[in-house]
Amino acid sequence: MGEAIVITSGKGGVGKTTTTANLGTALALAGKRVCLVDTDIGLRNLDVVMGLENRIIYDLVDVAQGRCTVQKALVKDKRFDDKLYLLPAAQTSDKTAVTPEQMKKLIQELKQDYDYILIDCPAGIEQGYRNAVAGADEAIVVTTPEVAAVRDADRIIGLLEKEENIRPPRLIINRIRSHMVKSGDMLDIDEIVMHLSIDLLGIIADDENVIKASNNGEPIVLDPNSKASIAYRNIARRILGESVPLQSLEEEQKGVFAKIKKFFGVR
Amino acid sequence: MNRQKQQYVTIKGTKDGLTLHLDDTCSYRDLVMELEEKLSVNQTNEPDGPLVAVHLKVGNRYLTPEQEEEIRTLIRTKKNLVVESIESNVITKEEALIWKRETEIVSVSKIVRSGQILHVQGDLLLIGDVNPGGTVIAGGNIFILGALRGIAHAGYYGNKEAVIVASVMKPMQLRISDIMNRAPDYKAEERNEMECAYVDDNNQIVVDRLQLLTHLRPHLTRLERRL
């Protein structure tokens, strides 16, 4: 029986889709069977970031409405032999095409076959959000060190805490610019964690390579030399239950090479 | 029928006027009849004299609003008497519940997050924070053991005596009764002591040291509950 994790944020553009793609890839690299589910019906992106856009035949709406089986709609990522699959969202309908009950049933079905189901949630707190959280056992809230993003994260945490079937959400802080934090122009990590008072799952430094990689349809995790890649791999290890210490950003900056060496040593 | 005359109404004169002790075991009709009788006998012949205040003590009898009104009218017709207070040992269950709700301290342990509203009838004791965008509302006072970074509204039903107390006072807005105050646009320096907010004599919400409340709102001490 697998575990379904919804990745959400409230605010748009903080990196939900990128996080979903990279955590999924990192978990697949760690040998787990992973299924990514894009619930952003009408504005699907996850397939583009994963570079699987042109292989889509059926989508989430087809499955939910019974036009095809889940197995048929799943797109296999050939890079990770039989470990990573994507259930794409429909581009032609909108969020109301699927109900939370249908999503619950679908996720239940996927949980039989996969170790991890990562659900990419759309921005907002309306039907799309409700669909995304319907079948989830666990939630990851992504935010950036901006006041607006933290405010929305707070709102979404409040909503997630009301869900009875979801364990207390955990936090990922994305796109941290250490020089801005140091100069006091950006919220620092302790401040955000204290404010939201939920467990911190990981922090990811701002990295231009992330954008480059998504444009090429290759998750950054596949590039072992980038800061963000290591951060995502660490988060994946924490999801798997390992305790990986959180490194402060300064250390991370100084110790990139040391960490890469350590990383290869581990592998 | 030989009616045994029993004293249903006892009249006592005090320096505050008259106190009428009304028996609580007889029927209401008998009581009204005797009241009528007694007051007619005792009526003074000075119609222009000063108004005499009458305090009614009805013991364990519950008077409906209609009955109260009837007795008030009855006494008022006796020239210079006017009912000032009616005191009863009993209240209805409904009134009791309302009173309980309005005076109890509701303790809640949670973080009030953005978009959430926590509303209580009496006093609120919040064990946790109010985050920006979150709102707490109380009919009475608000005591926050954590940080207040959102909106707090005390004395929601018009009680200007209500206060807001927080360990970390960094609110977006403070409201007490119908008075509102918002945080200054500039960033205030960090203060690490408990603070309270109250309405001062100029009808403004003031934030000050917690210790001042001892003098400003002595009624906050409630060792025992009372009506």
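Per chain, numbering begins at 1; letters A, B, ... match sequence-line order. This is a predicted model, so every value here is computed, not measured.
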[atom1]/[X]: more than 12 non-hydrogen atoms of other groups inside 6.0 Å:
X	atom1	answer
A:Lys111	NZ	yes
B:Tyr156	OH	no
B:Lys110	NZ	yes
B:Gln211	CD	yes

Could you give the distance from [atom1] ([X]) to [atom2] ([Y]), rounded to the nearest 0.5 Å?
X	Y	atom1	atom2	answer
B:Gln116	A:Ile157	CD	CD1	10.0 Å
A:Leu196	B:Ile111	CG	CD1	8.5 Å
A:Glu161	B:Arg113	CD	CZ	4.5 Å

I'd like to verify something: which residue of B:Gly146, B:Pro132, B:Gly115, B:Ala147 has the highest number of heavy-atom pairs under 4.5 Å with chain A?
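Most heavy-atom pairs under 4.5 Å with chain A: B:Pro132.
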